[in-house]
Structure formats: C-alpha cells, structure tokens
Amino acid sequence: MEQSETELMLKGYGLTTAEFFYRMPDYIHVLNTFIWQEYDLAPDHPKLFDFIDFWQREMEGPLHSVRFTHRKMVAPGEWRNVVGEFRVN
C-alpha cells in the first residue's frame, strides 16, 4: 500500500534530490545531467543506491558522478495535531 508523504516524513524519511552526470553513449566526451527526487532514509539512502545500481545495470550512458542532498521536512518531535480552524472573511 502506498504511504502518503506525511506518513513517510513522520517515519524519518526526507526528500533526497540527486543530480546524475553521465556520458552520452554516442558522444563519450559530452556530459549530460539527470535530476532524481524521492523520499529516502538518511544516512544509508537505500532508494538512491538502488537507483544507482539500476542505472549502472540498465542504462547505456555510463555515470560520471552523482551529487545529492537530503532534507528532512518534518521531524517526529515537530508534529502536533491541530483540531481547529480559523476563517477570515
């Protein structure tokens, strides 16, 4: 079952953004980029490393380098239940 972004963040997941630099198969001296984003767990980053393994197995363009950043959006201690609503007309 698919989990919502909020459920993932409460379990410690954060948004990981990676920029892949890879060589074009027909033009080996040309670098191209690909941006990837997914909710992942730091510091092990299992989804990121699974994607890198997939890339190396299935893609023709060899990787040159990968640059990534990770940001936790909500920490478990920052979450609180709000049971009210204010309307401003």
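Heads up: numbering here begins at 1 and tracks the sequence. Keep in mind it's a predicted model, so treat the numbers as computed, not measured.
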Using side-chain contact (heavy atoms from CB on, under 4.5 Å) as the criterion, list what pairs up with [X], not counting sequence neighbours.
{"X": "Ile52", "value": "Phe20, Leu48, Phe49, Gln56, Leu63, Val66"}
{"X": "Ser4", "value": "Thr6, Glu7"}
{"X": "His70", "value": "Thr16, Ala42, His45, Lys72"}

Glu19: partners by salt bridge (Lys or Arg N to Asp or Glu O under 4.0 Å), with sequence neighbours left out: Arg67

Pair listing, salt bridge (charged side-chain N to carboxylate O under 4.0 Å, His left out) test, anchored in residues 32-49, at least two apart: Glu38-Lys47

Cluster companions of Ile35 among Ile, Leu, Val, Met, Phe, Trp, Tyr (side-chain spacing under 4.5 Å): none

Parallel, tilted or perpendicular: ring planes of His64 versus Phe21, cut at 30 and 60 degrees: perpendicular

Expected output: side-chain Trp55 to main-chain Asp50 donor-acceptor under 3.5 Å: no

For Glu58, side-chain hydrogen bond (donor to acceptor under 3.5 Å, both in side chains) partners two or more places apart: none

Leu15/Tyr39 under side chain to side chain contact (heavy atoms under 4.5 Å, CB included): CA gap, chis, key distance, verdict: CA-CA 5 Å; Leu15 188 63; Tyr39 285 98; 4.2 Å; yes

Can you list, pair by pair, the side-chain donor-acceptor contacts under 3.5 Å of residues 22-33, counting residues two or more places apart and other chains?
from	atom 1	to	atom 2	distance (Å)
Tyr22	OH	Asn32	ND2	3.1
Arg23	NH1	Ile28	O	3.2

